[in-house]
Amino acid sequence: MPPRRKVTTFNKARAIAWLQDGVSKREVGRRLGVSHSVVVRLHQKFQATNSVLERPRSGRPKKTTQREDRFIRRQALQQRGTTANIIRGQLRVATNTNVSTKTIRKRLHEVGLRSRRPAVRPRLTAAHRQARLAFCHNHARWTRQQWADVLFSDESRFNLHHHDGRARVWRRQGERYNNGLVQERVAFGGSSIMVWGAFSFRHRTPLYHIVGNLTGQRYRDEIVAPLVLPALHQIGVQAVFQDDNATPHRARLVNNFIQQAGVTRMNWPACSSDFNPIEHLWDELDRRVRNLTTTHPQGTCSNCFSSCKSNGRPFLRPSAESW
């Protein structure tokens, strides 16, 4: 049931004035947008107390005054990254009022302020913003078919040991370090693999495992020539190749090779990984890989990115359906 609409003191005074002028209770309710019964109770209360003010209510009084509430709200708005504990200390210093952090949060909730994780975006300069805006203007009228002919590409790194700080377990007192209730973690994510991939509306390339540092020559010989060109030929003569502005991608030998191959390359703005739809694919692939993590005995497995010489350490094991 929705909460009952509260009538302000000003509207209560107006209602009593209308009633004293002979206006019916139903008409007063219509003017205020409340029911007939609300006006009846208001009139009865006025006849009993000769006032439209709220009568004292039972219960614990608020620990803070309206002035202190404004101070709490102002501190949160001026320093959006501050904590309830810091505001509590500032309030104690400024007004000598000592309240709990729960009270601070309640006051902020009352004015619609709630703690949330900040949104994440790339660090952009003025030149980056202008380039991104120009890219959007140039491609705003592209049709669905034009976007379907674009081959989006990118690299992504996957940690073999993944830690999620939001994990929770149910346990009793004294079970803190029981086996099965402890989440093991390797510093800096442990070993990792770098993979490259590309996809369009109807095609995708094989997932390529990058071993070591990727140079311009390796990018040309191991990725562009054997993987990108066949995928572009499958799309057709109208195909467009997208890659970002990483140093190996923009090497002179890579640019010359792409021009000689007659490939149409998309002019991609810097610091715009959030524009690339392949980021959503990497996120989905990461989720599926976590579900497919398995433990292999010492040896070599054709389903892994590399040899399983881990003595039982979990390795990523993506299947064909994962990519």
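On a predicted model such as this, the values are computed, not experimentally measured, just so you know.
Expressed to the nearest 0.5 Å, how far CD of Glu68 lies from OG1 of Thr95 amounts to 4.5 Å. Annotation: the span from Leu285 atom CG to Ile278 atom CD1 amounts to 9.5 Å, rounded to 0.5 Å. To the nearest 0.5 Å, atoms CD (Glu27) and CG (Leu32) are separated by 10.0 Å. To the nearest 0.5 angstrom, Asp274 atom CG is 9.0 Å from His280 atom NE2. We find the CD-CE distance between Glu155 and Met194 to be 6.5 Å, quoted to the nearest 0.5 Å. Note that NE2 of His36 is 4.5 Å distant from CZ of Arg26, once rounded to the nearest 0.5 Å.
Ser273 is listed as a side-chain neighbour of Glu279, based on a closest heavy-atom distance under 4.5 Å. Between Leu133 and Arg129 there is no side-chain heavy-atom pair separated by less than 4.5 Å. With a 4.5 Å cut-off on side-chain heavy atoms, Leu19 and Val23 do not count as touching. The closest side-chain heavy-atom distance from Val195 to Tyr208 is not below 4.5 Å. The shortest distance between side-chain heavy atoms of Phe201 and Asp149 does not fall below 4.5 Å. A 4.5 Å side-chain heavy-atom check between Phe257 and Leu229 finds at least one atom pair inside the cut-off. Using a 4.5 Å heavy-atom threshold, the side chains of Thr264 and Phe241 count as separate. In this structure, the side chains of Thr97 and Arg92 stay at 4.5 Å or more apart for every pair of heavy atoms.
Leu214 is not connected to Val211 by any chain of hydrophobic side-chain contacts under 4.5 Å among Ile, Leu, Val, Met, Phe, Trp and Tyr, and they are in different clusters. Taking hydrophobic clusters as Ile, Leu, Val, Met, Phe, Trp and Tyr residues chained together by side-chain heavy-atom distances below 4.5 Å, Ile16 does not share a cluster with Val40. Phe152 and Trp142 fall within a single hydrophobic cluster, where Ile, Leu, Val, Met, Phe, Trp and Tyr are joined by side-chain heavy atoms under 4.5 Å apart, directly or via other members.
The local environment of CG in Asn96 is sparse, with at most 12 non-hydrogen atoms from other residues, nucleotides or ligands closer than 6.0 Å. Heavy atoms of other residues, nucleotides or ligands lying less than 6.0 angstrom from CG of Asn178 number more than 12. For Lys63, the NZ atom counts as loosely surrounded, since its 6.0 Å shell holds 12 or fewer non-hydrogen atoms of other residues, nucleotides or ligands.
Applying the ring-ring contact (aromatic ring centres under 6.0 Å, His included) criterion to Trp268, with sequence neighbours excluded, gives Phe135.
Considering every non-hydrogen atom in both Arg123 and Cys271, the closest pair reads O-SG, 4.3 Å. Taking every heavy atom of both residues into account, Ala15 and Leu42 meet most closely at CB-CD2, 3.7 Å. Nearest heavy atoms, Val28 versus Val39: CG1-CG1, 4.0 Å. In plain terms, the two heavy atoms of Gly216 and Ala251 that are nearest each other are CA-CB, 4.0 Å.
When atom types are taken as modelled, the side chain of Gln242 and the backbone of Ser153 share a donor-acceptor pair closer than 3.5 angstrom. Between the side chain of Glu284 and the backbone N or O of Leu281 there is no donor-acceptor pair closer than 3.5 Å. No side-chain donor-acceptor contact under 3.5 Å links His137 to the backbone of Ala134. Judged by distance alone, the side chain of Gln238 and the main-chain N or O of Ile235 form a donor-acceptor pair under 3.5 Å.
Legend: salt bridge (charged side-chain N to carboxylate O under 4.0 Å, His left out) pairs involving residues 212-231, not counting sequence neighbours, sorted by first then second residue: Arg218-Glu222. The list of salt bridge (charged side-chain N to carboxylate O under 4.0 Å, His left out) pairs with a residue in residues 8-21, not counting sequence neighbours, reads Lys12-Glu54. Within the structure, every pair that satisfies the side chain to side chain donor-acceptor pair (under 3.5 Å) test and touches residues 72-83, not counting sequence neighbours, is listed here: Gln75-Gln90.
Between Arg107 and Thr64, the side chains place a donor N or O and an acceptor N or O closer than 3.5 Å (distance only, hydrogens not considered). Side-chain contact, Ser272 with Arg132: a donor N or O sits under 3.5 Å from an acceptor N or O.
Apart from Phe71 itself, the hydrophobic cluster it occupies contains Ile72, Leu77, Ile87, Leu91, Val99, Ile104, Leu108, Val111, Leu113, where clustering links Ile, Leu, Val, Met, Phe, Trp and Tyr at side-chain heavy-atom distances under 4.5 Å.
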Show your reasoning for whether side chain to side chain contact (heavy atoms under 4.5 Å, CB included) applies to Thr205 and Val228. CA-CA 7 Å; Thr205 66; Val228 173; 5.8 Å; no
Check step by step if ring pair (Phe, Tyr, Trp, His ring centres under 6.0 Å) holds for His209 and Trp196. CA-CA 7 Å; His209 178 207; Trp196 176 93; over 10 Å; no
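With salt bridges taken as basic N to acidic carboxylate O contacts below 4.0 Å, none links Lys106 and Glu110.
Here the rule is side-chain hydrogen bond (donor to acceptor under 3.5 Å, both in side chains) with Arg250, and of Asn255, Asp243, Asp244 only Asp243 fits it.
Ring geometry for Phe158 against Trp282 counts as perpendicular: the plane angle is over 60°, on a 0 to 90° scale with 30° as the lower cut.
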What pairs of donor and acceptor atoms, side-chain ones from residues 46-53 against any protein atom, are under 3.5 angstrom apart with sequence neighbours left out?
{"from": "Gln47", "atom 1": "NE2", "to": "His43", "atom 2": "NE2", "distance (Å)": "3.4"}
{"from": "Thr49", "atom 1": "OG1", "to": "Lys45", "atom 2": "O", "distance (Å)": "2.8"}
{"from": "Thr49", "atom 1": "OG1", "to": "Ser51", "atom 2": "N", "distance (Å)": "3.4"}
{"from": "Thr49", "atom 1": "OG1", "to": "Ser51", "atom 2": "O", "distance (Å)": "3.2"}
{"from": "Ser51", "atom 1": "OG", "to": "Leu53", "atom 2": "N", "distance (Å)": "3.1"}

